[in-house]
Structures are given as C-alpha cells and as structure tokens.
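Just below is one structure, and these are the notes that go with it.
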Amino acid sequence: MTADDLRVFLDGDVEDGEKVLKEHSRDTSLFYVQPQMVVYPKSTTDIKQLIKYVSEPKNKGASLTARAGGTDMTGGPLSESIVMNFTRYLNLFDVYPEKMEAWVAPGVYYRDFEKETDKYGIELPTYPASKSICALGGMVMNNSGGEKTLRYGQTRKYVKSMNMILADGNTYQIKKLSKVELEEKKKQQNFEGEIYTKLSKLITENLEVIDQNKPKVSKNSAGYYLWDVYNKETGEFDLTQLFCGSQGTLGILEGAQLRLVKKKEHQRLVVLNFKDWRALPEVVNDLLPVEPEGLEVFDDATLKLGIRFMPKVAKRVGEPLWRFALRFWPEAILGLKMFGLPKLVVLVQLAEDSEEELDKKTAQILATLKDNEVWPRVVKDLKDAEKYWIMRRESFRLLREKSIGKTAASLVEDFCVLPKDIPEFLPRAIALLKENGITATITGHAGSGNLHIIPLIDLKEAGMIEKLPRVASTFYDLVAEYHGSITAEHNDGILRTPYLGKMFSPEMLELFAQVKDICDPKGIFNPGKKVGGTLKYMAEHIKSNE
C-alpha cells in the first residue's frame with residue numbers, strides 16, 4: 001500500500017512527506033505514532049472509497065483513523081496506517097437559529113462555528129478549554145465537556161442525529177428510535193439492520209451487567225457508553241449515545257445535527273480564594289442549589305504560571321501589558337489579607353437573563369460563604385474576568401510550551417470522583433505522584449469532581465518512561481477505590497484503554513469487545529482504542545515533546 005495507490009482513486013490529497021507525517025504523529029498526548037500516509041478527503045465519497053480499499057484482503061492490517069483539530073490528549077487520532085484529516089475540506093456547517101440547531105461536518109473548527117452562532121446569541125455550550133483550536137468532529141467523537149458542563153452537560157446531550165459511514169461503506173443516519181422504529185430497522189436485510197439486531201440483543205440481554213458497571217460519578221467518557229442507549233420503560237433505542245464518544249472506532253462521522261442553547265445575556269464571575277482544599281466540598285455543595293453556569297478550579301501552581309507568563313496572557317486578552325498588570329491590583333491587596341497566594345481559586349460563573357437575577361444569586365453566594373474561610377471577589381467587568389479564564393484555559397498549553405526540561409504529561413489528567421471525596425482523595429493522589437518524583441498542577445471542574453492533574457515529567461530521566469505505566473496503574477487503583485472514572489471527558493485512546501479493567505468488570509469489557517466486533521468486524525476503524533490497547537504498545541510510544 002503506497003500513497004500512489006490511493007491517488008489513483010481519491011479526489012482528495014494524499015501526502016506522505018516527512019513534515020506531514022511528523023505533524024500527524026502527535027496530538028497533545030505523550031505519544032509519537034507515525035502514520036504511513038495522511039489523506040485529506042474532499043468528500044464523503046473519498047471516505048467510502050478508503051473503507052472499501054482497506055477492507056480488501058490484500059490490504060489486511062490497514063486501517064483508518066479520523067483526525068480533526070489534533071487536540072486530543074490520549075493519542076486518539078494517532079495511527080501507524082492511514083490518518084484522515086478533515087479540516088482542509090470537510091469543514092462546512094449550517095446554523096438554523098429558528099430551530100436552535102446546526103449541522104456540522106467533522107472538520108469545522110469550533111472558533112469558526114462560534115463566530116457564526118454568536119451572531120444569533122446561541123451556542124453549543126460543551127466546548128472544552130481548547131475551544132480556540134479544537135474541531136467539532138473531535139468534540140462529538142470524544143463527548144467533550146468543559147467549563148459549562150455543570151449546567152449543560154456533555155456533548156452527547158446535544159447530538160440529535162449523526163450521519164455515520166459504517167464498515168460496509170454506506171452512510172446511515174443514527175438517531176433515537178421508537179420501539180416500533182427499532183423493530184422496523186431490525187427487519188432490514190442490510191448491515192444497518194444487522195447492527196440494530198445484534199446491538200439491541202446484546203444490551204437487552206445484559207442489562208444487569210451494564211447497570212452494575214455504570215460509573216457512580218456525573219461525568220464519564222471511559223469505555224463504550226451503553227447505559228443510555230436503551231430505555232427499558234419506553235423501548236426507545238438511541239445509538240447516538242454509543243457513537244458519540246466512541247473515538248472513531250465504530251465508524252466515521254460524516255456530519256452531526258446538534259442542538260444549541262440560547263446564551264444568557266448577563267454574566268458575572270465570583271472568584272473564591274481558598275487557603276487549602278478542605279473547605280472545597282462543603283462550599284461546592286452549598287453553591288450547587290444556586291445553579292451557577294460553572295464551578296471551575298485551579299491551584300496556586302497554575303496561578304503562578306499565569307503571573308509568570310503575564311505578557312502572553314495579556315496578549316491573549318488583547319491588552320497592553322501595563323494595563324493588564326493593573327488588573328491584578330485587587331489580587332495583590334487580597335494576597336496581603338491572606339498572607340500569601342491562595343492555595344486554590346474557584347471560579348463561580350453566573351449567567352442569567354437579567355442583572356436582577358445576577359444580583360440575587362451573587363447575594364446568595366456571599367451569604368453562603370460567610371461561615372467559611374474563603375475570600376470572595378465579585379468581578380463584574382468581563383475584561384477583568386477574562387484574565388482568570390485565560391489562565392484556566394491556557395494552563396496546559398503554557399505548561400507544554402514553557403516547562404523547560406520537563407514535559408506536561410497527559411497521564412492521569414482527567415479523573416472524576418465525587419466532590420465530597422476530593423479532600424481525602426487529592427492528598428493521596430499528590431503524595432503518590434511525589435513518591436515517584438513527579439510534581440503537578442491542578443485545574444478542573446469542581447462542581448462535578450472532575451479534576452485535571454497535569455504532571456511535570458523529565459522524560460530523559462533514567463527509568464522515567466518505564467515508570468509511567470506503573471504510576472498510572474497505581475493512580476487508577478486509587479480512583480477505583482473511590483468508585484470514580486479514570487476519564488470524565490478526555491476519553492481513552494492509547495493512554496487509558498489498557499486500564500479500563502480498573503473501572504469495569506471482565507464481563508463489561510467483553511461487551512465492549514462485542515460492540516467493536518459488531519460495528520467493525522474487520523477491525524479497520526482506529527484500532528487499539530477502547531478495545532485492544534496494551535500497556536506494551538503504550539510504553540513503546542511514549543516520547544518526549546522535544
């Protein structure tokens with residue numbers, strides 16, 4: 001199989017030059033996996049031709065891996081075979097404000113999509129911290145979440161239908177079916193009918209196993225999401241719940257119909273400064289009834305990072321450095337009152353339809369905090385508030401770009417435990433990393449207990465690469481002890497697929513394998529993710545970011 005072989009029948013671009021292959025050998029994870037070639041499909045016809053090609057017996061071992069923005073932190077879009085990049089051509093979208101819906105191709109950058117939805121005061125609220133560089137295909141196929149997840153949930157909730165190109169090379173619309181519609185699908189004498197027949201049988205016959213393995217936390221992207229496909233009471237069957245978050249392992253996304261929400265006209269930020277983590281769960285639980293749009297948290301290491309690289313942050317805000325620096329005057333005064341920097345900062349994002357409602361909720365928050373050792377600051381100036389959001393959103397990128405001699409490792413960066421367990425869990429987790437010579441920064445979503453611990457690692461240190469899988473294994477044992485999820489929103493990829501047994505029973509893992517076999521019988525879609533990943537492969541492909 002060569003690039004010239006593909007150029008014969010594809011309209012899109014086929015590239016195998018050193019620069020392109022190197023660019024597609026990385027995402028934002030620890031891994032380096034070089035593809036054989038990169039294809040930029042011009043149409044869905046190209047994708048269907050590729051599926052037909054790699055399915056031929058003479059091309060056994062060939063596979064297709066979809067890629068959009070390349071911001072994945074798990075090695076999800078990395079492959080040794082054919083990588084399809086959708087951003088060059090498959091990047092069209094339509095917004096229907098009267099329906100509060102949009103149709104998006106997988107290569108659409110969220111930043112371009114947001115410019116259009118902003119015109120109508122609507123949005124897809126599940127954008128991640130990487131919203132300036134990520135694409136919609138990745139958001140859908142990773143079931144992304146972000147700073148507004150507390151109010152709005154994850155992307156799966158907003159997928160009304162998906163056009164999926166499946167293993168037979170045909171496009172099928174995936175949407176919620178009634179009991180009657182499901183029975184009609186199962187009567188079809190084609191691949192779609194076979195999938196509905198086999199998947200409905202698998203789920204209905206294994207409801208007890210599926211229910212027993214359902215994560216106890218509010219966010220989860222680990223494994224195949226079988227929990228909300230079948231409604232026992234109504235008989236409805238919704239495969240969007242399975243395909244959304246499947247990392248391109250069951251088929252290729254052609255496009256998605258998305259629900260949108262109306263943006264709240266008025267916003268306010270209440271910044272809470274803590275001396276330690278102990279008061280966090282009580283404060284979070286007290287604030288949840290106020291229904292904030294988001295409850296984001298970052299630690300003092302992230303705060304120091306933002307201060308250290310203030311010129312870069314100021315540039316992102318779009319202000320001269322001197323003016324931006326003056327915005328930190330209130331924080332300087334607060335530091336004197338607290339006798340130092342806060343140990344952690346919680347951003348309580350309020351967004352409502354009126355200033356009166358904001359005032360009411362602000363008063364509720366301040367009243368709730370009066371008996372806690374928390375230093376609040378109400379920020380009404382959106383420019384002033386933006387400095388906090390830039391630090392929160394840009395922390396991982398700053399770490400990756402500015403950590404001299406160390407790598408910001410997406411290793412154990414996306415766990416989720418119940419918020420009440422954070423004060424007990426977190427010291428144990430940090431101690432575990434320190435015992436292995438690893439320091440870390442912490443950001444995340446306090447309202448759901450989904451924290452992002454970003455370890456800083458010297459990958460040139462003797463034995464470090466060999467140590468990392470063992471550290472991750474011990475860390476995930478700890479997550480399992482608290483009945484949490486090893487990945488709330490970043491998904492499995494190369495990074496976490498080998499550890500799914502920490503969360504799920506052998507019976508559940510077997511169900512995942514059967515799902516893969518039903519939808520991808522020849523194993524041509526993004527192999528080694530969700531099913532079939534190994535610690536050996538993971539360890540062999542960890543490489544320095546240098």
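Scope of the values below: all heavy atoms of this structure, side chains included, with no hydrogens, waters or symmetry mates. Nothing fancy with the numbering, it's 1 onward along the sequence.
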For atom NZ of Lys60, is the number of surrounding heavy atoms from other residues, nucleotides or ligands below 6.0 Å larger than 12? no

For Glu461, give me all partners under salt bridge (charged side-chain N to carboxylate O under 4.0 Å, His left out), at least two apart in sequence or on another chain. none

Worked check of side-chain hydrogen bond (donor to acceptor under 3.5 Å, both in side chains) between Asn163 and Thr171: CA-CA 6 Å; Asn163 276 11; Thr171 299; over 6 Å; no

Keeping to residues at least two apart or across chains, list the side chain to side chain donor-acceptor pair (under 3.5 Å) pairs with something in residues 517-539. Thr65-Asn526, Glu80-Tyr537, Asn491-Lys530, Asp492-Lys530, Lys516-Asp520, Asn526-Lys529, Lys536-Glu540

Can you name the residues that form a side chain to side chain contact (heavy atoms under 4.5 Å, CB included) with Ile47, not counting sequence neighbours? Pro41, Ile51, Met84, Phe86, Leu90, Ile165, Ile252

Can you tell if the side chain of Arg26 reaches within under 4.5 Å of the side chain of Lys543, non-hydrogen atoms only? yes

With the side chain counted from C-beta on, respond yes when Glu296 and Thr443 share a heavy-atom pair under 4.5 Å apart, and no when they do not. no

Could you list the donor-acceptor pairs under 3.5 angstrom formed between side-chain atoms of residues 17-25 and any protein atom two or more places apart in sequence or on another chain?
residue : atom : partner : partner atom : Å
His24   : ND1  : Val20   : O            : 2.9
His24   : NE2  : Asn85   : ND2          : 3.0
Ser25   : OG   : Leu21   : O            : 2.5

Heavy-atom pair of closest approach, residues Val83 and Ser79: CG2-CB, 4.0 Å

Taking salt bridge (charged side-chain N to carboxylate O under 4.0 Å, His left out) as the test, write out the residues that go with Glu510, two or more places apart. none

With a 4.5 Å limit on heavy-atom distance, are the side chains of Val479 and Lys502 in contact? no

Side chain to side chain donor-acceptor pair (under 3.5 Å), paired with Lys219, selected from Asp414, Asn143, Asn450: Asn450

Where do Ser221 and Thr487 land on the side-chain hydrogen bond (donor to acceptor under 3.5 Å, both in side chains) test, with the steps shown first? CA-CA 6 Å; Ser221 287; Thr487 177; 5.3 Å; no

Indicate the atoms forming the closest heavy-atom contact of Val284 with Pro419, along with that distance. CG1-CB, 4.5 Å

Looking only at the side chains, is there a donor atom on one of Ser144 and Asn142 sitting less than 3.5 Å from an acceptor on the other? no

How close do Glu413 and His490 get, counting heavy atoms only, and between which atoms? OE2-ND1, 2.7 Å

Using the side-chain hydrogen bond (donor to acceptor under 3.5 Å, both in side chains) criterion, which residues pair with Gln241? Sequence neighbours excluded. none

Does anything in residues 104-114 form a side chain to side chain donor-acceptor pair (under 3.5 Å)? List the pairs, not counting sequence neighbours. Glu114-Lys131

Shortest non-hydrogen separation from Ile524 to Ala62 and the atoms involved: CG2-O, 4.2 Å

Just by distance, no angles: are the side chains of Ser43 and Lys48 close enough, under 3.5 Å, to form a donor-acceptor pair? no

Taking C-beta and beyond as the side chain, do His452 and His445 meet within less than 4.5 Å on heavy atoms? yes

Sequence-distant partners of Arg67, salt bridge (charged side-chain N to carboxylate O under 4.0 Å, His left out), two or more places apart: none

Quick one: do the Thr2 and Asp5 side chains pair a donor with an acceptor below 3.5 Å? yes

Shortest non-hydrogen contact from Ala222 toward Phe504: O-CZ, 3.7 Å

List in chain and number order the residues that pass side chain to side chain contact (heavy atoms under 4.5 Å, CB included) with Ala472, two or more places apart in sequence or in another chain; answer none if no residue qualifies. Leu411, Val412, Tyr476, Tyr499

Between Pro106 and Ala68, the two heavy atoms sitting closest are O-CB, 3.7 Å

Residues forming a ring pair (Phe, Tyr, Trp, His ring centres under 6.0 Å) with Phe31, sequence neighbours excluded: none

Should Val104 and Phe113 count as side-chain neighbours, where that means a heavy-atom distance under 4.5 Å? yes

Please tell me if the side chains of Gln247 and Asp72 come closer than 4.5 Å, counting only heavy atoms from C-beta onward. yes

Quick one: are Asp4 and Val8 in side-chain contact, heavy atoms under 4.5 Å? no

Taking the side chain as C-beta and beyond, is there a heavy-atom pair between Met508 and Ile210 under 4.5 Å? yes

Give every residue pair that meets the ring pair (Phe, Tyr, Trp, His ring centres under 6.0 Å) criterion with at least one member in residues 43-73, sequence neighbours excluded. Phe9-Tyr53

Under the side-chain hydrogen bond (donor to acceptor under 3.5 Å, both in side chains) test, which residues partner Arg428, sequence neighbours left out? Glu481, Tyr482

